[in-house]
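Just so it is clear, the structure is predicted and the values come from calculations on it, not from any experiment.
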Amino acid sequence: MTITVLDTYSAMKQILPAAGPDRVALLRSMLEPVTGMYRYFPGDVDLVAMHQLAFGFPVDRDEQRCLDALETLAAAGAWERM
């Protein structure tokens with residue numbers, strides 16, 4: 001079995017401070033590698049909608065709060081623990 005850990009830290013550091021209209025496209029790009037997880041869902045899956053339904057970070061507010069939380073996760077070594 002192969003396990004791939006995505007570098008979502010770097011991606012989120014780009015998404016959160018980006019201009020509002022650009023965030024959705026950047027988020028979609030970050031989520032693209034997980035498209036295969038939804039192969040049994042009927043039809044095309046909107047990855048951004050799934051992100052929002054799965055308690056992902058908001059793309060329209062709380063940028064600094066999310067960046068602070070992101071740095072807390074990084075300081076705790078979250079990506080190294082996965």
Side-chain angles (χ1 to χ4, degrees):
M1 173 168 50
T2 301
I3 297 174
T4 303
V5 178
L6 302 176
D7 183 12
T8 54
Y9 171 75
S10 296
M12 287 187 277
K13 282 194 62 107
Q14 290 179 339
I15 294 167
L16 291 166
D22 297 332
R23 287 190 200 133
V24 171
L26 289 167
L27 176 59
R28 194 173 310 280
S29 177
M30 179 185 87
L31 297 172
E32 190 63 35
V34 301
T35 301
M37 288 178 38
Y38 303 102
R39 64 181 171 268
Y40 299 112
F41 278 53
D44 290 330
V45 174
D46 182 341
L47 297 173
V48 172
M50 291 300 287
H51 169 83
Q52 292 169 331
L53 290 170
F55 304 107
F57 61 86
V59 293
D60 61 348
R61 65 189 182 287
D62 298 331
E63 296 86 1
Q64 189 56 54
R65 188 172 135 204
C66 291
L67 281 166
D68 292 345
L70 180 64
E71 292 308 321
T72 299
L73 285 168
W79 283 266
E80 291 80 19
R81 294 177 184 206
M82 293 183 196

Contacts under 3.5 angstrom, residues 75-82 side chains, donor-acceptor by atom type, not counting sequence neighbours:
residue	atom	partner	partner atom	Å
W79	NE1	T8	OG1	2.9
R81	NE	A76	O	3.2
R81	NH2	A76	O	3.3

For the student: nearest non-hydrogen atoms of H51 and F57, plus distance: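 Heavy-atom minimum between the residues: NE2-O, 2.9 Å.
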Exercise: identify the closest heavy-atom pair between L16 and P58: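 In terms of heavy atoms, the two residues are closest at CD2-O, 4.4 Å.
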Side chain to side chain donor-acceptor pair (under 3.5 Å) partners of residues 56-71, not counting sequence neighbours, each pair once: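 Residue pairs passing side chain to side chain donor-acceptor pair (under 3.5 Å), neighbours aside: Y9-E71, K13-E71, R23-E63, Q64-D68.
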Please list every donor-acceptor pair under 3.5 Å in which a side-chain atom of residues 27-35 meets a protein atom from a residue at least two apart or in another chain.
residue	atom	partner	partner atom	Å
R28	NH1	D46	OD1	3.1
E32	OE2	T35	OG1	3.3
T35	OG1	E32	O	2.7

F41 with L47, same ILVMFWY side-chain cluster at under 4.5 Å: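 Yes.
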Intermediate values then yes/no, side chain to side chain contact (heavy atoms under 4.5 Å, CB included), M37 and V45: CA-CA 10 Å; M37 288 178 38; V45 174; over 6 Å; no
